[in-house]
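Step one of this worksheet: look at the structure below.
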Amino acid sequence: MNKYLSIIIFIFTGLVSLQSHAALNVAVASNFKLLALDIGQQFSDKYAIEVNISSASTGTLYQQILRGAPFDLFLSADQKHVDLLKAENKTTQPDFIYAQGRLVFWQPNALSNPTIDDFMAYTGRLAIANPKFAPYGIAAQQSLEFTNKWQSLEYIQGNNINQAYQFVESKNVVAGLVSYAAVLQKNQQHYLLIPTAWHQPLIQSGIVLNDKKLKEANLFRDFLLSKEVQQQIKSQGYN
Amino acid sequence: MLSAGDYQAIWLTLKLASLTTLLLMIIAPPLAWWLARSQTKIRPLIESLVALPLVLPPTVLGFYLLIAFSPEHFLGEWWLSFNDTSLAFSFTGLVIASVIYSLPFVVQPLQSAFVHLDKSYLEVSATLGYGKYERLYKIIFPMLLPSFIIAGALGFAHTIGEFGVVLMIGGNIPGETQVLSILLFDHVESLQYSAAHQLSFILLAFSTSLLVVIYGFLQKRQQRVLNA
């Protein structure tokens with residue numbers, strides 16, 4: 001029995017040590033994943049530092065970090081989870097804003113871009129991200145409450161904003177409040193930019209987590225906040 | 001303690017598992033019988049299709065169902081011809097998914113029981129003049145009752161434990177598709193840990209008791225057979 005146990009432990013330690021130590025591990029909220037992959041590649045090309053992008057919902061990543069996941073940098077989809085990590089003393093590094101998201105009302109079967117009047121007149125089912133925890137879902141609920149529409153629609157909730165997007169794209173729901181970045185990236189048509197005054201700003205904040213790779217992590221942060229990369233982020237549907 | 005939403009999810013989960021088990025207990029026995037007895041060349045193919053949910057990630061099934069349920073495709077289009085809302089994000093959609101997803105858990109115990117069923121019983125009963133259906137109700141069913149109970153219980157328990165498929169085609173609608181495992185995930189994601197603890201414990205306690213009852217039943221039966 002003990003022999004088996006030691007063999008199993010041996011295999012596991014072997015697997016763990018196989019993991020690359022040199023690479024920078026970046027945890028990215030799922031709405032920013034594709035852009036992060038692209039930016040990570042540019043960063044690797046420029047500085048010869050490998051970047052591993054892990055993506056999940058902000059809440060999931062937060063919990064993984066809280067329980068010791070080996071991430072060096074966290075790019076959240078909100079400010080709240082970054083603040084929570086600081087409150088839990090998971091990092092003493094300063095946080096930074098790397099993007100601000102935009103919400104769109106997307107109705108692919110519309111004949112042209114919907115207007116605010118079209119949005120106000122919309123009835124039936126609407127795909128949104130989960131307003132209990134997903135940042136884009138919270139913004140969606142705030143926008144619908146701001147326009148007094150919250151009570152009048154039925155909601156199909158995605159676990160994150162990309163799933164809400166997928167519900168509409170697969171035609172299972174006629175319309176949704178999704179991210180501007182997603183409709184731009186997929187060249188979709190017939191959407192309305194939701195006025196930013198309708199909800200709290202979709203601040204996407206990031207923070208360096210690991211003191212051991214502080215230099216590389218800070219280098220990545222500076223690269224992310226550089227003029228060119230910020231320009232690219234803006235062109236992809238962020239403010 | 002538990003919120004109204006929690007109770008709603010518990011009720012919905014039990015409703016889904018019961019209905020799924022009922023449907024499976026109608027579909028699975030003939031299918032298992034055919035798999036146990038048939039010698040045709042397509043049997044391995046059908047057998048594999050039934051077993052697929054055991055090995056495929058639930059996300060694969062969820063992904064394909066979401067496409068199939070879309071009004072752009074045959075199944076979704078056909079459904080919409082006599083319904084107002086799409087199959088995705090509906091209770092009916094979850095039942096269809098659960099039947100597919102839990103099928104092997106019901107078919108396999110039955111199939112194995114049918115394979116090991118001693119043919120002489122059937123032959124003797126035939127010589128006694130029992131018809132096809134009489135043999136089914138008077139011989140096969142009473143003899144294999146434990147296997148039916150185990151098959152049903154496994155199907156039920158597995159449906160309660162379903163998560164990945166529902167996450168993909170459910171849309172998280174309270175009272176319609178927000179089952180226990182999804183609500184639990186919701187609680188964890190929104191950092192409501194005490195609510196998550198309660199639901200997790202209920203699921204753990206329920207699943208453990210159900211399995212203990214099934215395996216205890218099996219053990220007793222085994223002893224009875226050995227003593228006989």
Counting only non-hydrogen atoms closer than 4.5 Å, does N172(A) touch chain B with its backbone (N, CA, C, O), its side chain (CB onward), both, or neither? both
Exceeds 12 heavy-atom contacts within 6.0 angstrom, atom CH2 of W11(B): no
Engaged part of Q178(B) at the chain A interface, taking heavy atoms whose separation is under 4.5 Å: side chain
If you compare all heavy atoms of S70(B) against all heavy atoms of S170(A), which two are closest, and at what distance to 0.1 Å? OG-O, 2.7 Å
Check L183(B) against K132(A) and note the closest heavy-atom contact, atom names and distance. CD1-NZ, 4.4 Å
For F63(B), is the CZ atom crowded, meaning more than 12 foreign heavy atoms sit under 6.0 Å from it? no
Who wins among I182(B), L87(B), V188(B), I67(B) for the most heavy-atom pairs under 4.5 Å with chain A? V188(B)
In Å, rounded to the nearest 0.5 Å, how long is the span from CD of Q63(A) to OH of Y193(B)? 3.5 Å
Looking only at non-hydrogen atoms, find the nearest pair between I173(B) and Y155(A) and report the distance. CG1-O, 3.6 Å
CG (L111(A)) with more than 12 external heavy atoms under 6.0 Å: no
Within 6.0 angstrom of E72(B) CD, more than 12 heavy atoms from elsewhere: yes
If we define contacts as heavy-atom pairs under 4.5 Å, which of E176(B), M168(B), E189(B) has the most with chain A? E189(B)
Can you confirm whether more than 12 heavy atoms, excluding those of Y215(B), are under 6.0 Å from its OH atom? no
The test is side chain to side chain contact (heavy atoms under 4.5 Å, CB included); show your working for F133(A) and Q192(B) and say whether it passes. CA-CA 10 Å; F133(A) 51 79; Q192(B) 298 172 338; over 6 Å; no
If you draw a 6.0 Å radius around NZ in K149(A), do more than 12 non-hydrogen atoms from other residues or ligands fall strictly inside? yes
